[in-house]
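Reviewing the structure listed below.
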Amino acid sequence: MPAFMPLSELIARHVPDGSSVALEGFTHLIPFAAGHELIRQRRRELHLIRMTPDLVYDQLIGMGAARRLTFSWGGNPGVGSLHRLRDAVEHSWPRPLELDEHSHAGMAAAWRAGAARLPFGMLRGYAGTDLPAHNPRIRSVRCPYTGEELATVPALNPDVTILHAQRADRAGNVAITGIIGAQREAALAAATLLVTVEELVEELPPAMNGVLLPHFTVTAIAHCPGGAWPSYAQGLYARDNDFYQRWDPIARERASFTAWMERHVLGTTDHQGFLASLRAEHA
Amino acid sequence: MPAFMPLSELIARHVPDGSSVALEGFTHLIPFAAGHELIRQRRRELHLIRMTPDLVYDQLIGMGAARRLTFSWGGNPGVGSLHRLRDAVEHSWPRPLELDEHSHAGMAAAWRAGAARLPFGMLRGYAGTDLPAHNPRIRSVRCPYTGEELATVPALNPDVTILHAQRADRAGNVAITGIIGAQREAALAAATLLVTVEELVEELPPAMNGVLLPHFTVTAIAHCPGGAWPSYAQGLYARDNDFYQRWDPIARERASFTAWMERHVLGTTDHQGFLASLRAEHA
Amino acid sequence: MSDCSRDELMTVAAARLLWDGCVCFVGIGLPGTACNLARLTHAPRLVLIYESGTIGARPAVLPLSIGDGELAATATCVVPLPDIFSDYLQAGRVDVGFLGAAQIDRHGHLNTTVIGPYDHPQVRLPGAGGAPEIAAHARQLFVVMKATPRSFVPALDFHTSAGSPRAVITDFGILRPQPGSGELALAALFPGATVAEARAAVGWPLLVPDTMETVPLPSSHELRTLRELQARTAEAHRRPVALPVQE
Amino acid sequence: MSDCSRDELMTVAAARLLWDGCVCFVGIGLPGTACNLARLTHAPRLVLIYESGTIGARPAVLPLSIGDGELAATATCVVPLPDIFSDYLQAGRVDVGFLGAAQIDRHGHLNTTVIGPYDHPQVRLPGAGGAPEIAAHARQLFVVMKATPRSFVPALDFHTSAGSPRAVITDFGILRPQPGSGELALAALFPGATVAEARAAVGWPLLVPDTMETVPLPSSHELRTLRELQARTAEAHRRPVALPVQE
């Protein structure tokens with residue numbers, strides 16, 4: 001049964017420097033509060049894994065927390081670049097960043113293999129792209145029936161996966177509704193699964209065919225309302241598309257980025273403080 | 001968009017003699033009515049595919065419809081043998097039956113590969129079993145990263161998959177609730193997908209994370225209330241466990257089996273007739 | 001409780017092997033009764049996984065199949081069958097696999113496929129189902145099956161699964177593997193069962209230690225819970241099914 | 001409709017390529033506007049698949065990302081992302097893939113990865129996302145992107161995807177592959193656009209046929225629908241989000 005603890009303790013106990021960490025969630029339920037707590041606790045040398053790095057990885061990378069990035073699309077969706085990711089790749093600021101780069105289909109196959117504890121995933125993919133020339137981890141296997149060559153990717157099995165979810169019950173079962181991306185696979189692929197949730201309930205209703213992570217797959221849970229903002233929680237609050245657009249000028253320059261992070265993340269002690277700090281600025 | 005038609009027409013149009021056919025559904029939503037219609041229309045030389053043959057395949061095999069069986073567990077769950085399957089394998093009655101035999105895990109991997117249109121599936125499986133010695137289709141592949149040997153199975157891609165489902169809407173979307181086994185994979189692996197449904201509705205509610213087969217994956221739909229009996233439809237009617245137990249003495253002898261099939265299946269023109277015939281016997 | 005049957009002794013002894021909170025993959029047949037008895041007695045937080053895809057089911061009556069609607073309705077969640085085998089079983093998330101079989105050999109390997117040659121069987125059995133991978137991937141394996149010289153055999157007609165069970169519960173008592181060789185040896189007898197009976201029921205020369213445990217009799221709570229479960233189940237499996245179809 | 005912008009002409013021309021009932025995999029950016037415009041005009045039964053896992057979404061406003069809640073709430077169903085790529089795209093169930101890119105070459109290959117060398121990029125772009133497999137597996141591929149000599153280039157800095165688009169919609173008109181060579185050639189111009197303009201915008205010697213189609217102007221219905229969609233969208237993306245958190 002998972003342990004229940006505050007987010008600060010969850011990160012302090014379970015995510016040491018140097019960990020491979022996946023904060024998954026495809027646009028939806030991105031665990032921003034957990035990412036900010038990694039920054040507050042000054043984590044270093046992380047191997048960050050995520051299909052779509054999004055703003056939360058822009059922030060972690062810009063604050064120097066990451067050594068390596070496994071990903072398949074690193075932009076601000078519908079807005080443009082992740083400027084901190086670009087600055088790290090183009091100018092090694094604040095430190096160099098190794099890239100382990102895939103297509104979505106490749107990374108999805110790698111997550112699935114990880115969840116199944118198979119050593120690799122396969123797909124008909126990467127044909128005609130230069131990615132395999134730059135990523136020696138993209139290889140191939142021959143079908144023992146047809147002789148066809150199929151692309152392969154090594155399984156993803158991070159030390160820690162962190163998800164945000166709508167709710168958990170007292171037994172530690174975690175329920176998710178809405179777009180799930182590769183959250184389920186990332187959860188089951190990890191050695192340690194940490195979850196922040198919007199709501200704690202006594203007992204979840206039977207999920208039937210809905211998405212549920214049974215308690216024995218979960219290591220620890222922190223109650224963290226609003227923990228996905230500026231991403232969203234289906235049924236509870238919408239994506240803050242206005243903030244996603246406002247992030248572009250904030251992150252464009254090192255100085256404005258650093259000032260924002262110092263004021264709102266490092267200058268606050270927890271996620272409620274972070275949200276209050278943003279409200280104060282906006283008021 | 002799928003076509004809507006009576007079950008007799010659905011079978012007549014889409015399932016010629018010699019087809020490879022999967023009637024999937026793990027205990028739940030087994031398409032019995034469709035199986036009976038295959039018998040009424042005297043299909044021959046079918047390659048039947050199903051993880052758990054169950055009573056419906058016992059009936060098809062006993063009536064001589066099948067040339068080959070791909071399966072992983074062929075019994076009457078909780079009761080005992082499938083006597084017609086046994087008679088076919090042990091005594092070639094009414095005709096010989098080729099076996100393509102797997103474990104559940106192997107067949108699940110084969111279904112998944114079929115749905116993804118990959119040529120094979122892989123698993124850590126079949127270790128220490130004699131199955132590969134008797135099934136040359138179970139092979140292996142070497143991991144290009146670790147060198148580990150993994151078992152492989154060829155993808156399953158039947159000519160026709162037939163499912164039974166709770167409901168479909170006028171656009172032809174099909175919704176399923178409850179135990180789904182490998183139904184989704186079997187549906188997406190087939191060249192032709194036929195579905196019988198308990199209910200037709202104007203428009204299904206958004207499924208969110210529930211199980212739904214989008215209309216463009218479905219070839220044709222027949223409205224067939226009670227079409228899973230003696231299997232069941234979650235939320236509509238329960239599994240007829242009493243009948244599953246009563247099947248054992250019916251199927252044990254060739255004569256009693258043949259008499260039952262002639263009276264209730266060949267002696268009726270459709271599924272409503274079949275159910276009425278059974279009710280009359282039981283009254 | 002001297003009036004309890006050997007079947008009941010077997011089921012209770014099998015149930016006691018499970019601990020509260022453990023994640024158990026329930027094979028078809030006898031294991032289901034034992035697993036649910038454990039859940040209804042000393043292990044209320046036992047997590048039952050059925051290969052049909054139900055996780056955490058809490059059925060009030062035993063399912064006849066392993067996919068009755070009762071399992072789905074009472075489960076924490078229902079997942080696709082391929083996920084059960086890849087992401088739960090193969091991924092090492094199952095503490096205990098609980099199987100039955102038609103034949104077992106002295107190393108605990110199981111046959112549920114054929115009696116006689118594969119291509120010309122005397123008896124065609126149902127086949128492998130989930131067994132090979134349950135035996136391979138569950139952290140520990142238990143087997144429950146009645147003993148006769150035709151079921152406890154020196155050599156299997158077919159190797160369906162190659163597990164190394166930690167315990168085999170049968171109708172005279174419990175066998176456990178010897179350290180080193182892994183050969184199944186008599187470990188405990190049911191009250192009233194004898195070493196001679198055990199030797200007669202096993203088709204190979206059975207190893208018998210100098211000292212022998214006796215399995216404690218079922219408590220009245222265990223026995224009452226089991227009998228009530230079986231009575232509820234028998235009643236439910238006879239209940240007529242009303243189809244939602246016009247008469 | 002002589003007051004419509006080139007952006008609007010592009011979007012309407014792109015939308016017209018889609019037919020009612022087709023299954024369309026919607027890439028990020030410009031394609032989303034075109035696909036939803038088609039759905040709101042001549043193709044009401046267009047099935048939109050977003051890589052986030054939504055199938056059949058009918059959003060009232062354009063999502064900013066390809067995973068906004070509006071998509072999930074209006075979708076026929078939401079499936080795991082790995083299923084989208086394996087069971088829908090790779091399995092050949094997608095009629096049309098609709099992509100944008102930073103660079104395109106004369107054969108329609110796309111770059112969304114880097115400008116400059118991969119290890120020392122001048123500009124690091126977002127990367128491949130779904131593009132390589134959309135280009136490979138959709139039955140046909142359309143590309144929509146604005147043309148400059150820096151985006152329509154003789155040689156890509158990086159091959160992200162190797163599709164063969166049936167049409168490239170850009171801000172002077174439409175390119176289509178030549179039979180045989182597959183080289184993109186001018187096929188149609190927007191009203192007011194010229195061959196000279198097209199040649200200037202393309203970084204390779206553009207093939208121009210003797211006769212040239214002119215793309216019909218947007219109808220008032222198309223233009224009004226597009227503008228209303230964009231106005232609703234802009235309003236929605238500025239709307240403050242209320243968190244369910246105590247003040």
Side-chain angles (χ1 to χ4, degrees), chain B residues 26-28 51-52 71-75 77-79 81-82 85-86 89-90 101-106 108-109 111-112 123-131 133-134 178-182 184-185 198 225-226 229-230 232-245 272 275-276 279, chain C residues 28-29 32 51-54 62-73 78-82 84-86 89-90 109 112-113 118-133 135-137 156 158-163 236-247:
Chain B
F26 200 89
T27 314
H28 181 213
M51 295 187 68
T52 53
F71 77 114
S72 44
W73 194 86
V79 178
S81 291
L82 292 177
L85 168 59
R86 278 190 57 180
V89 174
E90 294 170 14
E101 185 167 2
H102 292 273
S103 68
H104 279 350
W111 273 135
R112 239 192 210 171
L123 66 155
R124 280 203 188 87
Y126 294 111
T129 87
D130 291 337
L131 282 168
H134 296 277
I179 288 171
I180 60 163
R184 202 193 62 84
E185 288 77 12
E198 293 289 333
W229 184 93
Y232 70 107
Q234 188 83 36
L236 296 171
Y237 52 92
R239 189 172 192 266
D240 196 335
N241 282 325
D242 182 51
F243 181 81
Y244 269 86
Q245 294 171 92
Q272 298 313 307
L275 293 174
R279 270 192 301 270
Chain C
I28 199 161
E51 63 197 17
S52 57
T54 64
L62 294 172
L64 180 66
S65 76
I66 50 171
D68 285 20
E70 172 85 357
L71 296 177
V78 178
V79 308
L81 180 142
I84 286 288
F85 282 95
S86 61
L89 184 61
Q90 179 175 268
H109 301 161
T112 57
T113 303
Y118 184 81
D119 290 324
H120 298 92
Q122 283 133 44
V123 182
R124 173 65 222 200
L125 302 166
E133 286 77 21
H137 297 306
L156 300 178
F158 190 97
H159 283 78
T160 308
S161 19
H237 293 178
R238 277 192 306 268
R239 198 176 299 150
V241 168
L243 287 182
V245 176
Q246 58 281 20
E247 294 287 319

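Every chain is numbered from 1, with letters handed out A, B, ... down the list of sequences.
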Rounded distance [0.5 Å steps], [atom1] in [X] versus [atom2] in [Y]:
X	Y	atom1	atom2	value
B:Ile179	C:Leu81	CD1	CG	10.0 Å
C:Leu89	B:Arg124	CG	CZ	12.0 Å
B:His104	C:Glu51	NE2	CD	3.5 Å
C:Thr54	B:His28	OG1	NE2	12.5 Å

Within a strict 4.5 Å, meaning less than it, do heavy atoms of the [X] and [Y] side chains meet?
X	Y	result
B:Asp130	C:Tyr118	no
C:Phe85	B:Leu123	no
B:Asn241	C:Arg238	no
B:Arg112	C:Ser86	yes

Who among C:Pro126, C:Ala162, C:Gly67 has the most heavy-atom pairs with chain B under 4.5 Å?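 Among the listed options, the one with the most contacts to chain B is C:Pro126.
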Identify which of C:Pro240, C:Ser52, C:Ala135 forms the greatest number of heavy-atom pairs closer than 4.5 Å to chain B. C:Ser52
Top residue by heavy-atom pair count (under 4.5 Å) with chain C, among [options]?
options	answer
B:Ala133, B:Gly178, B:Gly125, B:Ala105	B:Ala105
B:Leu85, B:Leu82, B:Leu131	B:Leu131
B:Ser81, B:Ala109, B:Gly78, B:Pro230	B:Gly78
B:Ala233, B:Ala276, B:Gly106, B:Gly128	B:Gly128

How close do [X] and [Y] get, counting heavy atoms only, and between which atoms?
X	Y	result
C:Gly127	B:Trp73	O-CD1, 3.6 Å
B:Gly181	C:Pro82	O-CD, 3.6 Å
B:Glu185	C:Pro80	OE2-CB, 4.4 Å

B:Ile180 and C:Val78: CA distance, side-chain angles, deciding distance, side-chain contact (heavy atoms from CB on, under 4.5 Å) verdict: CA-CA 8 Å; B:Ile180 60 163; C:Val78 178; 5.6 Å; no
CA sep, side-chain torsions, deciding dist, call: C:Gln122, B:Glu90, side-chain contact (heavy atoms from CB on, under 4.5 Å): CA-CA 7 Å; C:Gln122 283 133 44; B:Glu90 294 170 14; over 6 Å; no
Evaluate side-chain contact (heavy atoms from CB on, under 4.5 Å) for B:Gln245 paired with C:His237, printing each intermediate quantity in order. CA-CA 9 Å; B:Gln245 294 171 92; C:His237 293 178; 3.6 Å; yes
Below 4.5 Å from any heavy atom of chain B, which atoms of [X] appear? Answer side chain, backbone, both or neither.
X	value
C:Thr160	backbone
C:Thr113	side chain
C:Glu70	neither
C:His109	neither
C:Ala73	both

With a 4.5 angstrom heavy-atom cut-off, could you sort out which part of B:Phe243 is near chain C: side chain, backbone, both or neither? neither
Applying a strict 4.5 Å limit to non-hydrogen atoms, the region of B:Ala127 in contact with chain C is backbone
Does the side-chain contact (heavy atoms from CB on, under 4.5 Å) test come out yes or no for B:Tyr232 and C:Val241, once each step is laid out? CA-CA 9 Å; B:Tyr232 70 107; C:Val241 168; over 6 Å; no
Residues forming a side chain to side chain donor-acceptor pair (under 3.5 Å) with B:Thr129, sequence neighbours excluded: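 Listed in chain order: nothing, the list is empty.
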We want to know whether C:Glu133 and B:Tyr126 form a side-chain donor-acceptor pair, criterion being a heavy-atom distance below 3.5 angstrom. no
Which residues pass the side chain to side chain contact (heavy atoms under 4.5 Å, CB included) test with C:Ser65, sequence neighbours left out? B:Thr27, B:Pro77, B:Arg239, C:Asp68
